[in-house]
Amino acid sequence: MRNADRNQSDAIIFILLGFSDYPELQIPLFLVFLMIYMITVVGNLGMIVIIRINPKLHTPMYFFLSHLSFLDFCYSTVITPKLLQVLVVEDRTISFAPCIIQYSFAAICVVTEAFLLAAMAYDRFVAICNPLLYIVVMSHKRCVLILTGVYAWGLISSLIFIYSLLILSFSGTNIINNFLCEYSAILSASISDKHVTELIFFVLANFNTFSTLIIVLTSYLLIFITVLKMQSVSGRYKAFSTCASHLIGVTIFFGTILFLYCLPSSKSSWLLVRINTVFYTVVIPMLNPLIYSLRNKDVKESIKKLMDIKIFSH
């Protein structure tokens, strides 16, 4: 049975259309996405290195930020190389196993990042609303526990999503009108009853999205109320400035995902789906290190010191 199942999975082929309906844009898009990927890799790995080597940045906020950079690097590496390949080769096929593996790693990264952003919002809430208890509440041990839970739930969610797809039957060659293996495209290629799988995805995806959104919105609502009660103008500015980068990142991440969910499933929306998918799989991982570095005084000072050291050594 195992050999039969393996032969059956090998016979299942997916064709990633990507941007094949715009042949004149293939090379320009390849160059653009290659540059974005290079910036993403350098930006996120650079952020991790800066946080690790600077003792001043060994705080809960930067601890979570380093893992956000790690997730963005992993997410971009799972998606972008295949996108670049699809743009330059004529053979856009991908077999069943690699397709499922790509989706599983992407699902882990997305779910984990959503809950990590929620944890970062909670960290800002404690820092601003309970500053005297911040060191106790957000101790290193508790941060590690929170991070462990975030990664564990990302892995569990991915396994549930994958299981809900593996219980389905597939056959032959299937078209995916996108540049990556994503849940709805794989689901639509199935020849078996999809009700149970659709229910699993609906419940879990909505739980992940709205539970993290509730944590983020509640945290920032309480932060906003606390800041308004501050009598010092400089205190208000400092409180808002510490949250600005994270709030921008959260807005872009969740806004893009919610926009993608709200798109109608019509042929006219396929281009919007692909553009939106490019944004949250390719562009956001590049934007996050830029947002957190350009709007963060400590990170900018660390970068400046590293550049000064290099210049002085030369």
Side-chain angles (χ1 to χ4, degrees), residues 36-37 39-51 57 59-80 106-128 138 143 146-147 150-151 153-154 208-224 227 237-261 275-300 302-303:
I36 290 175
Y37 181 60
I39 295 172
T40 301
V41 171
V42 173
N44 285 290
L45 293 183
M47 182 71 75
I48 294 171
V49 171
I50 289 169
I51 292 172
L57 302 182
T59 63
M61 181 177 74
Y62 294 107
F63 174 71
F64 290 131
L65 181 56
S66 66
H67 284 274
L68 179 66
S69 294
F70 171 72
L71 284 171
D72 283 333
F73 165 74
C74 292
Y75 192 33
S76 181
T77 302
V78 168
I79 301 298
T80 311
I108 292 172
C109 292
V110 171
V111 175
T112 304
E113 182 162 335
F115 280 89
L116 182 60
L117 289 171
M120 294 172 70
Y122 176 74
D123 170 72
R124 292 299 83 205
F125 157 72
V126 177
I128 294 173
M138 298 304 294
C143 289
I146 291 172
L147 190 67
V150 165
Y151 276 106
W153 182 247
N208 289 337
T209 302
F210 291 106
S211 61
T212 50
L213 264 179
I214 288 171
I215 295 172
V216 170
L217 294 176
T218 303
S219 297
Y220 276 102
L221 176 61
L222 295 174
I223 289 171
F224 185 71
V227 170
Y237 176 78
K238 185 178 180 180
F240 275 126
S241 64
T242 59
C243 296
S245 299
H246 181 253
L247 193 56
I248 292 171
V250 165
T251 302
I252 294 174
F253 181 82
F254 285 103
T256 307
I257 289 179
L258 290 174
F259 179 74
L260 186 62
Y261 281 159
I275 293 173
N276 203 57
T277 305
V278 164
F279 193 76
Y280 90 84
T281 59
V282 179
V283 178
I284 288 180
M286 177 194 69
L287 289 179
N288 277 339
L290 297 176
I291 292 170
Y292 286 100
S293 62
L294 294 177
R295 294 192 57 88
N296 193 296
K297 183 180 178 181
D298 294 331
V299 175
K300 285 192 289 186
S302 299
I303 295 173

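Predicted model, so just to flag it, every value in this text is computed and none were measured.
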(Q) Quick check: do Val111 and Tyr151 have side-chain heavy atoms less than 4.5 Å from each other? (A) no

Q: Indicate yes or no: at least one non-hydrogen side-chain atom of Tyr75 is less than 4.5 angstrom from one of Tyr280.
A: yes

Q | Leu117 and His246, any side-chain heavy atoms less than 4.5 Å apart | A | yes

Q) Are any side-chain N or O atoms of Asp123 and backbone N or O atoms of Ala119, one a donor and one an acceptor, separated by less than 3.5 Å? A) no

Q. Would a 4.5 Å heavy-atom cut-off, applied to side chains only, mark Tyr122 and Met138 as touching?
A. yes

Q.
As an exercise, state the distance from CG of Leu68 to CG of Asn44, rounded to the nearest 0.5 Å.
A. 7.5 Å

Q: Working to the nearest 0.5 Å, report the span between CE of Met47 and CG of Leu45.
A: 11.5 Å

Q. Do Met61 and Met120 have side-chain heavy atoms sitting under 4.5 Å apart?
A. no

Q | Test item: Ile48 and Phe73 side chains (from C-beta on) under 4.5 Å apart, heavy atoms | A | no

Q: Kindly indicate whether the side chain of Glu113, heavy atoms from C-beta on, has any atom under 4.5 Å from the side chain of Thr212.
A: no

Q | CD1 on Ile257 to CD1 on Ile284, rounded to 0.5 Å | A | 7.0 Å

Q) Please walk me through it: do Ser76 and Thr80 pass side-chain hydrogen bond (donor to acceptor under 3.5 Å, both in side chains)? A) CA-CA 6 Å; Ser76 181; Thr80 311; 3.2 Å; yes

Q. Is it the case that more than 12 heavy atoms not belonging to Phe70 sit under 6.0 Å from its CZ atom?
A. no

**Q.** Distance (rounded to the nearest 0.5 Å) between Ile223 CD1 and Ile128 CD1
**A.** 4.5 Å

(Q) Using side-chain heavy atoms (C-beta onward) and a distance below 4.5 Å, is Thr59 in contact with Phe63? (A) no

